[in-house]
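Scroll down for the structure; my scribbles are underneath it.
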Amino acid sequence: MKIATWNVNSLSVRLGQVLDWLAAHPVDVLALQELKLTDDKFPLAALQEAGYHAVALGQKTYNGVALLARAPLREVQRNLPGFADAQARFIAATIDTEAGPLRLLNGYFVNGQAPGSEKFAYKMDWLQALHGYVQQELAQHPRLVLLGDFNIAPEDRDSYDAEGLRGSIHHTDEERAHFQALLALGLTDAFRLFEQPAKSFSWWDYRMLGFQKNRGLRIDHILVSSALRASVSACTIDRAPRKNPQPSDHAPVVVTL
DNA sequence: ATGACGGTGTGGCACCGA
């Protein structure tokens, strides 16, 4: 089965591209971030017509997440329990597969702006709350995938300019420690289970020909639990949608298991 | 050091993203 994550930077603008991509890549699950629309504007009918069940947590203007799946989605959790969040950044649900139930945790992690800012403090708090929730969830759902836009470049090789950007947002030791803490729960970065091309990124700035010059970051991730690790057979970034007219600044990441 | 590009909401720009 295939599971994907894609920050679409406005589902209203990108719906056509999402439907085209799903038609060409009929994945079993697609996690979306940055919907930038309220639930009443969520294009449920169009997605159902494409053969997907969908659950969403939307918000006006910013944020917003959704899970799309071929199978019905149950046990839906919107927001991180116990973390009062004014922003729509998290949704979880379970699907049933031939191998058993599969728990899906989709996050649009906080950007954080700059170390020392209030937004950075919010990022740290959010990551702490996520860690606690993932720990609880793993105890109940051994087959678990945590995916989304993490807004963290885990290692130097995940940045087009690790030296120049050292200590800046997405590159700080604090963010990377939080990423490692998630791995320490027993999760594995599916992308790094395989040999990958150098300078593999999932986001490129719209400005200054970022994509054309491959000045990007790998900040969109798919983490799998230990129970799933052995069944992962591939993980790739699909750069093609970044070449579309009016693209999102992020590309989809796809895992096969 | 700054702004560049794109989306949104509003309004002739400011904000936010990464």
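Letters A, B, ... mirror the listed sequences (proteins, then strands); counts begin at 1. Below, all heavy atoms of this structure are taken into account, side chains as well, without hydrogens, waters or symmetry copies.
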Touch class at under 4.0 angstrom, heavy-atom based, for [X] against every strand present:
{"X": "Q113(A)", "result": "nothing"}
{"X": "D149(A)", "result": "sugar-phosphate"}
{"X": "N7(A)", "result": "sugar-phosphate"}
{"X": "Y108(A)", "result": "sugar-phosphate"}
{"X": "K123(A)", "result": "nothing"}

Atom-to-atom span, [atom1] of [X] to [atom2] of [N] - whole angstrom:
{"X": "D220(A)", "N": "dA18(B)", "atom1": "CG", "atom2": "C1'", "result": "11 Å"}
{"X": "R215(A)", "N": "dA18(B)", "atom1": "CZ", "atom2": "C1'", "result": "13 Å"}
{"X": "E118(A)", "N": "dC16(B)", "atom1": "CD", "atom2": "P", "result": "11 Å"}
{"X": "F211(A)", "N": "dA18(B)", "atom1": "CZ", "atom2": "P", "result": "17 Å"}
{"X": "D161(A)", "N": "dA18(B)", "atom1": "CG", "atom2": "P", "result": "19 Å"}
{"X": "Q59(A)", "N": "dG9(B)", "atom1": "CD", "atom2": "P", "result": "11 Å"}
{"X": "E34(A)", "N": "dA18(B)", "atom1": "CD", "atom2": "C1'", "result": "9 Å"}
{"X": "D158(A)", "N": "dA18(B)", "atom1": "CG", "atom2": "C1'", "result": "15 Å"}

### Of I95(A), T5(A), L68(A), the residue whose pairing with V29(A) passes side-chain contact (heavy atoms from CB on, under 4.5 Å)
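Going through I95(A), T5(A), L68(A) one by one, the side-chain contact (heavy atoms from CB on, under 4.5 Å) with V29(A) is satisfied by I95(A) alone.
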### Query
Is the charged tip of R78(A) near the ring of F90(A): under 6.0 Å from the six-membered ring centre and within 45° of its axis?
no
### Message
Would you say N9(A) and Y206(A) are linked by a side-chain donor-acceptor pair, where the criterion is simply a distance under 3.5 Å?
### Response
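Looking only at side-chain atoms, N9(A) and Y206(A) do form a donor-acceptor pair, the distance falling under 3.5 Å.
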### Task
Using only heavy-atom distances, determine whether the side chains of R14(A) and S248(A) contain a donor-acceptor pair under 3.5 Å.
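Short answer, no.
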### Query
Which value, in whole Å, describes the distance between the C1' atoms of nucleotides dT10(B) and dC15(B)?
11 Å
### Task
Pick the P atom in dC13(B) and in dT2(B), then give their distance to the nearest Å.
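The same atom, P, in both gives a distance of 22 Å.
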### Message
According to salt bridge (charged side-chain N to carboxylate O under 4.0 Å, His left out), who are the partners of E174(A), at least two apart in sequence or on a separate chain?
### Response
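By the salt bridge (charged side-chain N to carboxylate O under 4.0 Å, His left out) rule, E174(A) matches no residue at all.
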### Message
Can you see if the side chain of N111(A) gets near the phosphate of dA18(B) - specifically, an N or O under 4.0 Å from OP1 or OP2?
### Response
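Checking N111(A) against dA18(B): at least one side-chain N or O falls below 4.0 Å of OP1 or OP2.
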### Task
Output yes when at least one side-chain N/O atom of H250(A) is less than 4.0 Å from OP1 or OP2 of dA18(B), else no.
yes
#### Entry: Electrostatic pair R89(A):D149(A) at N-O distance under 4.0 angstrom
no
Could you write out each protein N or O paired with an N or O of nucleotides 3-7 of chain B at a distance under 3.5 Å?
unit_1 : atom_1 : unit_2  : atom_2 : d
dA4(B) : N7     : R207(A) : NH1    : 2.7
dA4(B) : N6     : R207(A) : NH1    : 3.0
dG7(B) : OP1    : R14(A)  : NH1    : 3.2
dG7(B) : OP1    : Q246(A) : NE2    : 3.4
dG7(B) : O3'    : S10(A)  : OG     : 3.3

### Message
Quick check: on DNA chain B, is the nucleotide nearest L217(A) upstream (toward 5') of the one nearest K60(A), or the reverse? Name the residue that is more 5'.
### Response
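Result of the comparison: K60(A).
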